[in-house]
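All values below were derived from every heavy atom in this structure, side-chain atoms included, with hydrogens, water molecules and symmetry-related copies excluded.
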Amino acid sequence: MALSLIEELPKIVKEGKAEAARILERINSGNALALQTNELVLPSKDVSGLFRGEMPSSDENEWKNRLIYGDNILVMQGLLAGDATSGLESMRGKIDLIYIDPPFDSKADYRTKITLPNVNLSQKPTVIEQFAYADTWKDGTVSYLKMIYPRLVLMRELLSEKGSIYVHIDWHVGHYVKILLDDIFGKENFNNEIIWSYFGFKRKTASKFPQKHDVIYSYKKTENRIFYTQFKPHNQEYLKRFKPDETGRLCRSDVNPTAGGTRKIYLDEIEGDIIDSVWNDLSPVNPVAKERVDYSTQKPEALIERIIKASSNENSIVADFFGGSGTTAAVAEKLGRRWISSDIGKPSIMVQRKRLIDNEVKPFLYQSIGDYQKEALESSRMFKRIGDLSQVVISLFSDESGSGALSFGSEHPQNLGYIKDKKTLVYIDSPNKMTGRATLKKAIELRDNFLGGWDKVVVLGWNFAYDISSAINELSDSRLEILVIPPDLLDKLKSKATYKKLVDSGKIRFSSLQYLTIKPIEKKVYDSELEELTIKLDNYILLSPDNIPLDDADKKSLQDLMAHDPLALIEYWSIDPDYDGVTFRSKWQDYRENTANDGDPLHVVYSAKIMVARKEKRVVSVKAVDVFGFESVVKAEV
């Protein structure tokens, strides 16, 4: 007989504490994974034509807000550990306010709607997103609570001594999450159960009252928490009683109860009604509201603004580890707070980045988990040696004709295989490495020299260096092929049973890298100090649609679009006119829905003109992100 949820709770708590303890021990021992910076975004949305005479600048040493892509349990490990080499300090005990709006265990199908020219696609959650939370729904609420417990422990570690956490939840799991919060933060540190009662159209239900509210649980870390009482604004009828005096201040006359006569009552000295724990004055995001970004779980800015004003100071760090549509980051910026926002969904990251640039925020870092596959390998119970994993990958690989790869045997490197009768060498890179120019050169050398030479070499990689597309273009070797190992493969190889199921299914697809090409950059010299660069997109090659989580009909539509309008797949592109080979500084951006230049919400502009300081030689780097969240980078020397 299955245990009830109440009977399961002690086990959930015990396992959650053990997992959190392992994570914290690893961080304290100095072995935590690091966050890698993909982009320093200096918002410079192109709103007044393609010519920009002034480039944004940024003090490299000042605090940078952070937008982070990845599973938040890994993101928080990176934040707790910090990274001295890149000047990013540990965030342990530094965050004054955490607001999270996690999934509600509602079994909802969170598909992303993608509108392309003459095509509407419905994208399923991305591969990593599916597998990071795959167990969340497998065993229902038990799995959900197992997912959330260690994450809440790490959030407590990140909170400052004056910090608070607000957990936005609904009726599906709210009461159980409350028990976990009591255990982690202490029942004595519970502040409020806030009821957000939103209004809107109510559908008639046959068996119960309509559900029209969410719950927000608020906890403090210590008695020293930041808190400011919030007041409702005065209503319009009340405001009509006030008129400006000779100084312009709004006031009204009233009887002086102590001295007699009349006195002036000034509006700016009168507080409205105190806001209590039932919030019925905040509506959901209106379909035509300016703040709306068409994200299914978007919460209204007014809701987040109330929380931030109540529990943080100006310049406090505010964090949201289920960032969603980016409302927390957008409101924190507007209110003069620093912020960290993360999400595991690529659609979320794209929405957030565009929203922040639209809002003309201060420069921020876009980061990601640099060692996702390494982390997955270290948590694997099947593969403790990379060589063993390489042998499995070789056994799963087949080329386009269906010919399978074979291993050489124990006397040769375990990361090498071959395809019989084709003179094709197969090179497996390590999940602990970024496949880049050095790896490709090594693969070419092996092709030409290993056991007498081969006609072709196929490189299979897990993670790829930032400039891999440029490396491929520069090498221009027709006998070199680079393919992507499926990002969910390690998750599918967690046990012998899942490995056998994977082999039997035959559904292993190693996809090609997507890449961007640009036309030759034009340079026009103005004077001794300035020159104008014209950068034009040329083409975009997407990896196989089979590797994108789409239904078959949508895959066919995508293939048709790729054939005649490939640049329509570009969601966002940016330019670093002085790439230093280390940090991509995004100094110009354009993206779909930015219609200032061409009035076309479904395409980016394909050309940019930017004015820069004269240099005899510079490296221009261009980054593109497609509608599915895949990134490509190309470099050109000018």
Side-chain angles (χ1 to χ4, degrees), residues 37-60 62 64 67 350 353-366 466-467 469-470 473 515-540 567-601 603-626 631-638:
T37 297
N38 298 345
E39 193 173 344
L40 168 58
V41 183
L42 298 103
S44 181
K45 185 179 70 166
D46 200 21
V47 295
S48 57
L50 295 180
F51 176 82
R52 292 196 66 85
E54 180 181 344
M55 300 302 293
S57 60
S58 171
D59 180 353
E60 299 290 323
E62 69 181 12
K64 297 291 187 303
L67 174 62
M350 291 192 291
R353 179 161 48 188
K354 290 194 298 182
R355 182 177 187 176
L356 293 165
I357 294 170
D358 268 338
N359 288 0
E360 299 179 346
V361 301
K362 293 190 289 291
F364 64 92
L365 298 177
Y366 168 49
Y466 183 75
D467 57 351
S469 298
S470 296
N473 291 334
Y515 64 90
L516 175 77
T517 58
I518 61 174
K519 295 180 178 178
I521 295 174
E522 301 168 16
K523 180 169 76 171
K524 181 179 178 181
V525 176
Y526 269 81
D527 54 36
S528 60
E529 295 183 354
L530 294 173
E531 60 189 24
E532 180 190 76
L533 303 178
T534 300
I535 299 106
K536 297 179 180 179
L537 301 182
D538 179 38
N539 195 13
Y540 180 68
L567 287 175
L569 296 172
I570 302 297
E571 177 74 17
Y572 165 96
W573 70 292
S574 55
I575 301 168
D576 182 348
D578 291 290
Y579 180 54
D580 62 5
V582 180
T583 302
F584 183 95
R585 293 170 175 80
S586 170
K587 294 186 174 181
W588 180 96
Q589 309 93 25
D590 187 54
Y591 41 88
R592 295 187 333 135
E593 298 171 9
N594 175 28
T595 57
N597 296 311
D598 57 3
D600 182 354
H603 292 86
V604 297
V605 295
Y606 296 158
S607 177
K609 292 181 186 290
I610 56 177
M611 191 76 77
V612 292
R614 276 195 68 181
K615 274 188 179 180
E616 189 170 321
K617 187 169 67 174
R618 64 173 5 107
V619 175
V620 176
S621 186
V622 177
K623 172 187 283 191
V625 184
D626 70 27
E631 296 191 5
S632 297
V633 177
V634 62
K635 296 185 302 181
E637 195 171 280
V638 181

Any side-chain heavy-atom pair from [X] and [Y] closer than 4.5 angstrom?
X: Leu530; Y: Val612; result: no
X: Leu537; Y: Trp573; result: yes
X: Arg353; Y: Tyr366; result: yes
X: Leu356; Y: Pro43; result: no
X: Glu637; Y: Lys617; result: yes
X: Tyr606; Y: Lys536; result: no
X: Ser621; Y: Val633; result: yes
X: Trp588; Y: Val622; result: no

Closer than 3.5 angstrom, by distance alone: can the side chain of [X] be matched with the main-chain N or O of [Y] as a donor-acceptor pair?
X: Arg614; Y: Val525; result: no
X: Asn359; Y: Val361; result: no
X: Asp590; Y: Val605; result: yes
X: Gln589; Y: Leu42; result: yes

Measuring from [X]:[atom1] to [Y]:[atom2], what's the distance to the nearest 0.5 Å?
X: Ile518; Y: Ile521; atom1: CD1; atom2: CD1; answer: 4.0 Å
X: Leu67; Y: Asn38; atom1: CG; atom2: CG; answer: 10.0 Å
X: Leu516; Y: Ile570; atom1: CG; atom2: CD1; answer: 5.5 Å
X: Tyr540; Y: Leu569; atom1: OH; atom2: CG; answer: 7.0 Å
X: Ser574; Y: Glu631; atom1: OG; atom2: CD; answer: 8.5 Å
X: Ile575; Y: Leu533; atom1: CD1; atom2: CG; answer: 8.5 Å

Completion exercise
Asp527 meets the salt bridge (Lys or Arg N to Asp or Glu O under 4.0 Å) criterion, sequence neighbours left out, with none
Problem - Residues that Lys354 engages under salt bridge (Lys or Arg N to Asp or Glu O under 4.0 Å), provided they are two or more places apart - result: Glu571, Glu593
Practice task
Using a strict 4.0 Å threshold on nitrogen-to-oxygen distance, state whether Arg585 and Asp580 make a salt bridge.
Solution key: yes
Handout entry: SB check Glu39 Lys623 (cutoff 4.0 Å)
Key = yes
Completion exercise
Taking every heavy atom of Lys64 against every heavy atom of Pro363, the minimum-distance pair comes out as CD-O, 3.8 Å
Fill in the blank from the handout: What one should report as the nearest heavy-atom pair of Asp538 and Leu567 is O-CD1, 3.8 Å
Exercise for the section: Show your working on side-chain contact (heavy atoms from CB on, under 4.5 Å) between Arg618 and Glu531 and close with a plain yes or no. Expected result: CA-CA 12 Å; Arg618 64 173 5 107; Glu531 60 189 24; 2.5 Å; yes
Problem - Arg592 NZ/CZ over Tyr572 ring centroid, <6.0 Å and within 45° of normal - result: no
Exercise for the section: Using distance alone, with no hydrogens and no angle criterion, decide if Lys609 and Thr534 have a side-chain donor and acceptor under 3.5 Å apart. Expected result: yes
